[in-house]
J.: 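Got a structure here, written out as structure tokens. Questions coming.
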Protein chains: 4
Amino acid sequence: MGHTSGTPSPRRRSERSRRATLDAVFTLTVQRGYAAVTIEAIAAAAGVGKPTIYRWWPSKGALALEAINDKVGGVLDFPDTGDIAADLTSQLTALVALLNSDFGTVYRGVIAEAQGDPDLSAALRDTVIAPRSRACQDRLAKAVTDGQLRGDVPVRAMVELLYAPLYYRFLLHTDPLSTRQVADQVEWALTGLRPVS
Amino acid sequence: MGHTSGTPSPRRRSERSRRATLDAVFTLTVQRGYAAVTIEAIAAAAGVGKPTIYRWWPSKGALALEAINDKVGGVLDFPDTGDIAADLTSQLTALVALLNSDFGTVYRGVIAEAQGDPDLSAALRDTVIAPRSRACQDRLAKAVTDGQLRGDVPVRAMVELLYAPLYYRFLLHTDPLSTRQVADQVEWALTGLRPVS
Amino acid sequence: MGHTSGTPSPRRRSERSRRATLDAVFTLTVQRGYAAVTIEAIAAAAGVGKPTIYRWWPSKGALALEAINDKVGGVLDFPDTGDIAADLTSQLTALVALLNSDFGTVYRGVIAEAQGDPDLSAALRDTVIAPRSRACQDRLAKAVTDGQLRGDVPVRAMVELLYAPLYYRFLLHTDPLSTRQVADQVEWALTGLRPVS
Amino acid sequence: MGHTSGTPSPRRRSERSRRATLDAVFTLTVQRGYAAVTIEAIAAAAGVGKPTIYRWWPSKGALALEAINDKVGGVLDFPDTGDIAADLTSQLTALVALLNSDFGTVYRGVIAEAQGDPDLSAALRDTVIAPRSRACQDRLAKAVTDGQLRGDVPVRAMVELLYAPLYYRFLLHTDPLSTRQVADQVEWALTGLRPVS
DNA sequence: TAGTAAACGAGACGGTACGTCACGTCTTACC
DNA sequence: GGTAAGACGTGACGTACCGTCTCGTTTACTA
């Protein structure tokens, strides 16, 4: 839907146009906010024709998602120092820094758009969230094996307990995200809210 | 911004138009999805003129937010049976049911729109999230006093640890929200992820 | 076809927009040539929105046709001095002058466009050509009654014999149209149309 | 204008492509109407690359004009039975038949396009109209010499008096062209052109 | 019990962006 | 080297909504 034709052969594709388009999405979104960016403006800023954009991406959301993945694509490995609390803290701190950067502005827009676009939602989950969640789950599983974490809680639930508060603040704007709180939040998630008996 | 004139006197306001408009937003959003609903369609469905809508609401988001608050407005009291785990479970279960209903569709749309609209974001926080968060915080504070929860963790952080995973699934669509998992999730948040020593 | 909706009520129509649009078509066509004029350019030059144009006219051709009729609308009466040759000469001379003016540029464009648009072709025939042809036929019929023209040649054929050479030069650009040749041309045609003495 | 480069050497030119292109123009124009035919569609239908078309023809009009000349190119000789009325009737009847055939559809399109394209207009005049007009003029001149036509009317004007009514109906669609009326029309025109006995 | 001023429905308006189409140019690979 | 295929930048297309602005018409307070 939206494609000019049925997925053209990428052999003759202009890498120059691809790069300029992805860069323009990022720049414009940071400047004006995601919702205010139009495909026309992207095309103009990138020095690219609109049909070229529609030839390769079905929507602004798909374009922005690729821009995001293009920016942070390779970073997938989870640290393993042996200390699960320290590893989680360093990883979550990095995520907070990322969400507070220009990247966060674009990411927020994509998440917003995905609320009304199932295809984009699936792509967002599959290319951004799921891979990182899995990397985290692997590290948590090892911590379980090491005896540092309980074995009777699904690692998927652990991931949510650790990451969800960050997204909560990121998307609902109740409190600003700060890298300084991360260590405490990890600790509270690991220790639980009940008093030490 | 968006108002036809400087805040008209609400004395002569037509309650019939207000009701029809709010109902139309809700119905249309459920039918077509939030992003696909236009103010023109709302006006037509409600049998209302466009200027009437712009006279009373600055944007589709503000309109949808009022429709939401109109739907679940009064429910603000937090149960207190003396058992904090049970109270949290019942409350979170109710929220999950709500998010999985038609209400969730509209709510999702408003949250999405708020990502690019600071006014709407603030209104969403102040009228929907903050009051309920405060009610929960009060109940948690009492549980701290009762010795059921630790006193060295801020209640705001507790609220996030409990609610955030629900919003995480609601907005990122990693896993479906189910009322059956709520009790376990509450338990894990309260107990922590470390093994029982 | 092309209408935004099914013929809106003309009661609230903006006369200012109508005038500005018709004037813009004329001005732009004279400046750039009919084929080079776009509806976007018309809208911009008239200070009018594109949808307003599409609301009231189905195509550029229909718009240009109305501009033409707006320009020369009332002139329909055929002179009658009693001398058919003189009357035809004055009328045809006026037509040649018109075709050689800015009007001719627009008229040519409409005739060209009508070649591929049956609706426009019919409208052109019914609103421009047929009424004037009929007026001429009436005058010719009177000349027949007066004994100045043969009665055994259909007046429609007479009209063609008189007018067609003008259109021939106008559209095929074989020779320039000149007002000075008109009298001779009328004379040559009439020699054949006069009653056998 | 439009040429990819400055007139390539026609020695290596593919006759197969030329033929297929000219045939495609004709077929598509008859099928869809001249205005609706695009160069892309011609290229696709002919199994020819677009640059090949632009290499050899400057515009769709030039292409269609060549297709026309390719179709009726050789027919230039005017009959001479000694009877000018009969010769004119047979020739004009043939033209009417041609204009009412598929050829007429393409021809109409070219004439329309020529209204806004001086180059095409000149080419149309020089390659189609002028040669046939000259052939007719020659025949008429002989008839003058033979004493069948007046000597004081320019043969160019005679040509117009005879041919213009056909083009008038062909382009303005006031009445359908019929081969049966031709003899009468020739007669009416000639009555004026015959020498005063 | 009018008179009147507001809010109202309807919808035309000047705009902006949409997603598509065809243009004419250019590049690549083949023959 | 001419050719087919087709991606490219460009720009106009006709449409959908935007938010504003008249219009007459209710409607409900005032006098």
Side-chain angles (χ1 to χ4, degrees), chain A residues 1-5 8-14 16-17 37-41 43-44 46-56 58-60, chain B residues 1-5 8-14 16-17 37-41 43-44 46-56 58-60, chain C residues 1-5 8-14 16-17 37-41 43-44 46-56 58-60, chain D residues 1-5 8-14 16-17 37-41 43-44 46-56 58-60:
Chain A
M1 185 202 297
H3 264 129
T4 290
S5 67
S9 76
R11 303 194 314 156
R12 300 194 182 282
R13 180 168 188 184
S14 160
R16 188 243 138 223
S17 294
V37 173
T38 66
I39 291 197
E40 294 216 332
V48 146
K50 268 200 295 177
T52 299
I53 293 183
Y54 284 107
R55 181 155 33 230
W56 300 108
S59 68
K60 185 175 74 161
Chain B
M1 182 204 298
H3 267 129
T4 291
S5 67
S9 75
R11 304 195 308 157
R12 290 186 179 273
R13 180 169 189 184
S14 160
R16 187 242 139 223
S17 294
V37 174
T38 67
I39 291 199
E40 295 215 335
V48 146
K50 272 201 291 176
T52 299
I53 292 183
Y54 284 107
R55 179 152 37 228
W56 300 108
S59 68
K60 185 175 74 161
Chain C
M1 185 203 297
H3 265 131
T4 291
S5 67
S9 76
R11 303 194 314 151
R12 300 194 182 285
R13 181 168 187 184
S14 159
R16 187 240 139 225
S17 295
V37 173
T38 67
I39 292 199
E40 294 216 334
V48 146
K50 265 200 296 176
T52 298
I53 293 183
Y54 284 108
R55 181 154 34 229
W56 300 109
S59 68
K60 185 175 72 161
Chain D
M1 183 205 297
H3 265 129
T4 291
S5 66
S9 74
R11 304 193 310 154
R12 290 189 179 266
R13 181 171 186 183
S14 158
R16 186 240 138 226
S17 294
V37 174
T38 67
I39 292 200
E40 295 215 334
V48 146
K50 271 199 293 176
T52 299
I53 293 183
Y54 284 107
R55 186 162 19 239
W56 299 109
S59 68
K60 185 175 72 162

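Please read these numbers as outputs of a predicted model, since none were measured by experiment. Each chain gets a letter, A, B and so on, in the order the sequences are listed, and its residues count up from 1.
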J.: Are side-chain heavy atoms of A:Thr52 and A:Arg13 found at a separation under 4.5 Å?
T.: no

J.: Which of the following nucleotides, E:dC8, E:dA22, F:dA28, is nearest to the side chain of D:Thr38?
T.: E:dA22

J.: F:dC23 P sits how many Å from C:Arg11 CZ, rounded?
T.: 12 Å

J.: What closest approach, in Å, do A:Ala43 and A:Gly49 show between heavy atoms, and which atom pair accounts for it?
T.: CB-C, 4.2 Å

J.: Does D:Glu40 or C:Ile39 map to a spot on DNA chain F nearer the 5' end, using the closest nucleotide for each?
T.: D:Glu40

J.: With the side chain of A:Tyr54 defined as its heavy atoms from C-beta on, choose the nearest nucleotide among E:dC23, E:dC8, E:dT20.
T.: E:dT20

J.: For a quick test of reading the model: is some side-chain N or O of B:Thr52 closer than 4.0 Å to OP1 or OP2 of E:dA7?
T.: no

J.: Check whether any side-chain N or O of B:Trp56 sits under 4.0 Å from OP1 or OP2 of E:dA6, and answer yes or no.
T.: no

J.: Hey, does the side chain of A:Arg16 come within less than 4.0 Å of F:dG9's phosphate (OP1/OP2), counting only N and O?
T.: yes

J.: Does the side chain of D:Arg55 get closer than 4.0 angstrom to OP1 or OP2 of F:dT3 through an N or O atom?
T.: yes

J.: What is the distance, rounded to the nearest whole Å, between atom CZ of B:Arg12 and atom C1' of F:dC29?
T.: 5 Å

J.: Starting at the 5' end of DNA chain E, which residue's closest nucleotide do you reach first, C:Ser14 or A:Lys60?
T.: C:Ser14

J.: A:Val48 or B:Lys50: which one's nearest nucleotide on DNA chain F is closer to the 5' end?
T.: A:Val48

J.: Return the NZ to CD1 distance between D:Lys60 and D:Ile53, rounded to the nearest 0.5 Å.
T.: 11.5 Å

J.: What is the distance, rounded to the nearest whole Å, between atom CD1 of B:Ile53 and atom P of F:dC17?
T.: 14 Å

J.: May I ask you to verify if any side-chain N or O of D:Ser17 is less than 4.0 angstrom from the OP1 or OP2 atom of F:dG2?
T.: no

